[in-house]
S.K.: 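Got a structure for you, written out below as structure tokens; questions coming shortly.
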Protein chains: 2
Amino acid sequence: MMNAPKSRPRDGTLRTKLVDAGVQLLRDRGPDGLSLRECAAMAGVSHAAPGYHFKNLMGLSTAIAARGYRLFCNAMLARRDKAGPAPFERLSAICHGYLDYAAGHPELFLFIFSGQKFNENDQDFCVASSEAYGILRETCAPLVPPGSEIEETEILVWSLVHGYAHLAMTRKKDNPKLGRGWPDLDALLSHLRNALAAQSADKTRE
Amino acid sequence: MMNAPKSRPRDGTLRTKLVDAGVQLLRDRGPDGLSLRECAAMAGVSHAAPGYHFKNLMGLSTAIAARGYRLFCNAMLARRDKAGPAPFERLSAICHGYLDYAAGHPELFLFIFSGQKFNENDQDFCVASSEAYGILRETCAPLVPPGSEIEETEILVWSLVHGYAHLAMTRKKDNPKLGRGWPDLDALLSHLRNALAAQSADKTRE
DNA sequence: CTCATAACTTGACAATGTCAAGATAAGATC
DNA sequence: GATCTTATCTTGACATTGTCAAGTTATGAG
């Protein structure tokens with residue numbers, strides 16, 4: 001009958017469950033709360049089981065970051081899919097998706113942008129992270145003012161929204177007034193629209 | 001004769017030396033490389049000595065972050081002091097100071113913006129970190145378009161430069177072309193100037 | 001049925017943060 | 001000068017962590 005003591009050997013889901021546990025640890029205990037042994041315990045396996053699926057702690061971290069980037073992409077695409085065809089509307093959409101992600105998965109947002117080293121040889125990670133940049137790039141492309149480099153627009157847009165999201169998370173309490181009055185992203189985006197339109201002069205007309 | 005085995009008791013510099021060691025550890029081993037015991041060893045004291053000056057690891061982290069913010073302020077002020085009196089020139093200066101800091105102290109830059117919790121009751125930390133925001137605020141003030149909230153300009157500026165610096169550090173390798181071609185900050189700042197000028201219409205007229 | 005291999009477990013080790021208790025030096029008090 | 005007090009460390013211990021080596025078990029192939 002064997003109820004459940006050893007009822008899930010080789011079910012192939014441990015790797016996923018370890019990443020699940022890792023995400024939850026990051027959420028519950030902050031950026032330093034990640035622990036291989038704790039993840040193993042949460043998944044109901046022995047302390048060294050993660051060592052089979054991940055070479056080391058960085059391996060688990062990289063897998064978590066890969067998931068983080070995938071959810072990041074999903075958040076941007078979900079917004080963009082609902083947007084109309086106008087280039088700036090699509091750009092605005094992915095920016096809002098950016099914020100959706102930061103608000104919905106703060107632990108993953110901070111994790112992937114923590115500056116910590118991940119395994120750059122991991123395929124999952126590389127694919128997911130460069131996909132995020134690809135979304136930005138293709139959404140920016142129609143808005144690049146003629147005669148200027150595409151990187152300039154990309155970095156302008158990305159700096160603005162990334163800075164906004166990152167500061168909102170790490171520094172929101174600096175100014176007590178900002179706690180309530182943190183300006184809306186759309187206010188910043190309208191500045192961005194002005195800046196791009198000013199240089200473009202007359203291209204994205206309506 | 002006692003050469004030097006116990007030649008530096010109570011010299012009152014241990015706390016500083018521990019912070020020095022912590023900064024160096026962050027630089028050498030990355031954001032996860034900080035260790036109380038290692039700092040103690042570097043300072044030539046026993047493994048529990050830091051416990052006297054800092055309640056725990058977060059105490060040391062907070063002290064390191066406080067130093068990070070102070071150097072941050074210095075970098076911005078050093079540039080601003082050399083700038084002319086024109087408001088946008090001063091704003092541009094602190095933005096360049098921002099980048100100076102990120103480039104000169106990448107480990108501290110990432111550390112203070114890592115999202116990790118610091119001791120918000122620590123006076124040194126609170127003073128230093130809100131001073132950084134104060135520099136931004138007072139430099140932005142003359143540039144706030146009439147009829148708009150000061151926070152909007154502050155966050156616009158800060159998002160842009162912070163996003164630029166933070167992305168440059170954590171994501172520079174996404175686009176191989178960006179390795180060489182990362183656009184200059186001044187290009188982004190000219191967009192910012194346009195955006196502010198557009199809303200201001202006619203205020204900072206030379 | 002055997003067996004080869006993937007997916008774990010068990011056990012060990014060094015390093016870490018943290019705490020408790022002791023030691024020691026410097027200055028104050030008598 | 002002797003004693004006391006207090007700040008500043010040291011020593012020792014403990015639980016937790018990442019990592020490795022070696023053993024174990026299940027699973028599917030033959």
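Both backbone and side-chain heavy atoms feed into the values below; hydrogens, waters and symmetry mates do not. Every chain is numbered from 1 and lettered A, B, ... according to where its sequence line falls, protein lines coming before strand lines. None of these values were measured; they are calculated from a predicted model.
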S.K.: Test of understanding: with side-chain contact (heavy atoms from CB on, under 4.5 Å), list the residues that count as partners of A:Leu136, not counting sequence neighbours.
M.R.: A:Ile94, A:Tyr133, A:Cys140, A:Glu154, A:Val157, A:Trp158
S.K.: List in chain and number order the residues that pass side-chain hydrogen bond (donor to acceptor under 3.5 Å, both in side chains) with A:Asn119, two or more places apart in sequence or in another chain; answer none if no residue qualifies.
M.R.: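 Expected list: none.
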S.K.: Consider the side chain of A:Ala48, meaning its heavy atoms from C-beta on, and name the nucleotide among D:dG12, C:dT16, C:dG11 that approaches it most closely.
M.R.: C:dG11
S.K.: When you measure from the side chain of A:Val45, which nucleotide among C:dT9, C:dT10, D:dT11 comes out closest?
M.R.: C:dT9
S.K.: Under 3.5 Å, is there any donor-acceptor pair linking the side chain of B:Arg37 to the base of C:dT18?
M.R.: yes
S.K.: Could you give the CG-to-P distance, from A:Leu18 to D:dG18, as a whole number of Å?
M.R.: 12 Å
S.K.: Could you list the residues that satisfy side-chain hydrogen bond (donor to acceptor under 3.5 Å, both in side chains) with B:Arg37, not counting sequence neighbours?
M.R.: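 B:Arg37 satisfies side-chain hydrogen bond (donor to acceptor under 3.5 Å, both in side chains) with no other residue.
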S.K.: Can you name the residues that form a ring pair (Phe, Tyr, Trp, His ring centres under 6.0 Å) with B:Phe88, not counting sequence neighbours?
M.R.: none
S.K.: Which of residues 52-62 of chain A sit near DNA chain C, with a heavy atom under 4.0 Å from it?
M.R.: A:Tyr52, A:His53
S.K.: Establish, with yes or no, whether the OP1 or OP2 oxygen of C:dT16 is under 4.0 angstrom from a side-chain nitrogen or oxygen of B:Ser35.
M.R.: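 For C:dT16, OP1 or OP2 has a side-chain N or O of B:Ser35 closer than 4.0 Å.
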S.K.: Please list, chain by chain and in numerical order, all residues satisfying ring pair (Phe, Tyr, Trp, His ring centres under 6.0 Å) with A:Tyr164, sequence neighbours excluded.
M.R.: A:Trp182
S.K.: Can you measure A:Glu38 atom CD to C:dG17 atom P for me and round it to whole angstrom units?
M.R.: 18 Å
